[in-house]
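Step one of this worksheet: look at the structure below.
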Protein chains: 2
Amino acid sequence: MYRIGELASSFKVKNDTLRFYEKHGLLTPSHRSESGYRLYTEQDKKILSFILRAKTVGFSLADIHELLSIEVDKDNNACADVKIVVDAKLEEVERKIAELSHFQKSLKQLSDACCGGSGSAAQCTILEALESDINNLRPEHHHDEQE
Amino acid sequence: MYRIGELASSFKVKNDTLRFYEKHGLLTPSHRSESGYRLYTEQDKKILSFILRAKTVGFSLADIHELLSIEVDKDNNACADVKIVVDAKLEEVERKIAELSHFQKSLKQLSDACCGGSGSAAQCTILEALESDINNLRPEHHHDEQE
DNA sequence: CTTGACCTTTGACTAATGTCTAAGGTTTAT
DNA sequence: ATAAACCTTAGACATTAGTCAAAGGTCAAG
């Protein structure tokens, strides 16, 4: 079991952040010592890891709470509701992946054009790099026009 | 050219948000009318699109500002600095993609286990699904039971 | 020319996500 | 058995990213 300071420092967050997550129902330590100290288990540690990882890819604490609340139970009649939530999150994740793949491509182009790279540096900003494959990747966008 | 309200409503953001981005150096309209109205070009529209997309994948406005400031110029002696920034962002993007791919796999498992899927629902929460990935990297069972 | 929908600015307000302070109790090492 | 380093709570403060309100200017339609 970990005390708050141990868990916090091992993830480079503040003790206060863990108390904050607890207050908001995201991570409640599984135990308390006799004197009231929070005691976190390995499972609690995994939950914290999940929270922090989900945050880095743009999920809010509310989103994360929802993700953590998912419990699949095939015999439960709320199952269809769960599937709706799961599938919605799955779609969101897939949209994010597509977005990031696009950024990745553009950043690679820029990186390759840097410092005497063979690239023409015709795309010298991320916007131009993004645009250079916008027509392949994002058919939703159409032509430029001026008013 | 678009006035603020046109651009804002076409991206479902508030006029105030555009003024906020301007104040923070993210998106300055290319023109002003004689009477002082902001006038946005197609290029400005692309910048806004970029800002909003980058936000959904977890970049802060400060990150986005940095991304927008990247300008590759092979003849410029600041080029190495640019490459450092670009490569750092590229790594960040790749970490995010890896994170999301992991989530995606887990959510798929949960979705498949839902509502009479053949899956054992042994992984009934996202945490368990995430963990099962660590041991068992084979996400292949198809569902065929009655619904 | 007036009306209403738009725009301007400045500055105050809000929500989400922490972070810090104060006043005190606990644990561990010397 | 006392200091150092932990922990507790409640509540104030900070930062990020907007959002709203007030007081007024602009523009197209009737």
Side-chain angles (χ1 to χ4, degrees), chain A residues 1-41 44-45 47-69 92 96 99 147, chain B residues 1-41 44-45 47-69 89 92 96 99:
Chain A
M1 307 257 245
Y2 310 94
R3 279 184 306 177
I4 195 170
E6 294 172 312
L7 186 64
S9 67
S10 80
F11 282 90
K12 290 175 193 147
V13 300
K14 299 286 167 65
N15 297 12
D16 287 318
T17 301
L18 298 187
R19 295 195 191 99
F20 178 82
Y21 289 164
E22 180 175 352
K23 193 163 75 183
H24 292 268
L26 282 143
L27 174 56
T28 302
S30 298
H31 304 282
R32 289 278 181 143
S33 74
E34 279 187 15
S35 52
Y37 287 15
R38 289 166 177 83
L39 296 172
Y40 295 89
T41 62
D44 296 335
K45 193 170 171 174
I47 294 171
L48 177 57
S49 169
F50 176 77
I51 293 170
L52 298 177
R53 293 153 62 109
K55 258 170 49 65
T56 70
V57 291
F59 287 109
S60 69
L61 298 188
D63 289 330
I64 294 169
H65 190 273
E66 197 171 24
L67 284 165
L68 285 170
S69 304
E92 200 177 338
K96 282 174 192 280
E99 211 64 84
E147 197 173 301
Chain B
M1 308 257 245
Y2 309 95
R3 278 183 306 176
I4 194 170
E6 293 171 311
L7 186 64
S9 68
S10 82
F11 282 89
K12 288 173 194 148
V13 301
K14 298 287 169 63
N15 297 12
D16 287 320
T17 301
L18 298 186
R19 296 194 191 99
F20 179 82
Y21 289 164
E22 181 176 351
K23 193 164 74 182
H24 289 77
L26 282 142
L27 174 58
T28 303
S30 299
H31 304 281
R32 289 276 181 145
S33 74
E34 279 186 17
S35 51
Y37 287 16
R38 288 167 178 82
L39 295 173
Y40 296 89
T41 62
D44 297 335
K45 192 170 172 177
I47 295 172
L48 179 57
S49 169
F50 176 77
I51 294 170
L52 299 177
R53 295 155 61 120
K55 260 169 48 65
T56 70
V57 291
F59 286 109
S60 68
L61 298 188
D63 290 329
I64 294 168
H65 190 273
E66 198 171 21
L67 285 165
L68 284 170
S69 305
K89 290 295 175 193
E92 200 177 338
K96 282 175 191 280
E99 211 65 84

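Naming convention: chains lettered A, B, ... in sequence-line order (proteins, then strands); numbering from 1 in each chain. No experiment lies behind these values; they were computed from the predicted model shown.
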Practice item. Identify, with sequence neighbours excluded, every residue that meets ring-ring contact (aromatic ring centres under 6.0 Å, His included) alongside B:Tyr21. Key: none
**Study point:** Non-neighbouring partners of B:Arg19 that pass side chain to side chain donor-acceptor pair (under 3.5 Å), sequence neighbours left out
**Key:** B:Asp16
Check your understanding: How sharply is the helix from C:dC1-D:dG30 to C:dT30-D:dA1 bent, taking the axes over five pairs at either end and rounding to 10 degrees?
Key -> 10°
Check your understanding: Taking atom CZ of B:Arg3 and atom CG of B:Asn15, what is their separation to the nearest 0.5 Å?
Key -> 10.5 Å
**Study point:** Results of salt bridge (charged side-chain N to carboxylate O under 4.0 Å, His left out) for A:Glu66 - residues two or more places apart only
**Key:** A:Lys89
Review point. Taking only residues two or more places apart in sequence or in another chain, which ones pass salt bridge (charged side-chain N to carboxylate O under 4.0 Å, His left out) with A:Glu6?
Key: none
Check your understanding: Can you check whether B:Ser35 has a side-chain N or O nearer than 4.0 Å to OP1 or OP2 of C:dC7?
Key -> no
Exercise for review: Output the distance between atom OG1 (B:Thr17) and atom CG (B:Leu27), rounded to the nearest 0.5 Å.
Suggested key: 11.5 Å
Review point. With the sugar-phosphate defined as primed atoms, P, OP1 and OP2, and the base as all remaining atoms, what B/S/- string results for nucleotides 9-17 of chain C, 5' to 3', for protein heavy atoms under 4.0 Å?
Key: B-------B
Review point. Heavy-atom contacts under 4.0 Å between residues 1-15 of chain A and DNA chain D, which residues?
Key: A:Arg3, A:Ile4, A:Gly5, A:Asn15
Review point. In chain order, what residues pass the side chain to side chain contact (heavy atoms under 4.5 Å, CB included) check against A:Ser69, with sequence neighbours excluded?
Key: A:His65
Point to revise | Side-chain (B:Lys45) to main-chain (B:Tyr40) donor-acceptor, under 3.5 angstrom | key: no
Exercise for review: Report yes or no: is the cationic atom of B:Lys14 (NZ for Lys, CZ for Arg) under 6.0 Å from the centre of the six-membered ring of B:Phe20, at an angle within 45° of the ring normal?
Suggested key: no
Check your understanding: So do B:Lys55 and B:Leu61 actually touch side chain to side chain, heavy atoms under 4.5 Å?
Key -> yes
Point to revise | Partner residues of A:Ser10 under the side chain to side chain contact (heavy atoms under 4.5 Å, CB included) criterion, sequence neighbours left out | key: A:Leu7
Check your understanding: In whole angstrom, what separates B:Leu39's CG from C:dT8's C1'?
Key -> 13 Å
**Study point:** Terminal contacting nucleotides, 5' and 3', DNA chain D versus chain B (heavy atom, 4.0 Å)
**Key:** D:dA17 to D:dC27
Study note, to complete from the structure: Residues at least two apart in sequence or cross-chain that pass side chain to side chain donor-acceptor pair (under 3.5 Å) with B:Ser33, listed by chain then number, are B:Ser35
Practice item. Only counting residues at least two apart or in another chain, list the ones meeting side chain to side chain donor-acceptor pair (under 3.5 Å) with A:Ser60. Key: A:Asp63
Exercise for review: Map A:Tyr37 and B:Tyr37 onto DNA chain D by nearest heavy atom, then report which one ends up closer to the 5' terminus.
Suggested key: A:Tyr37
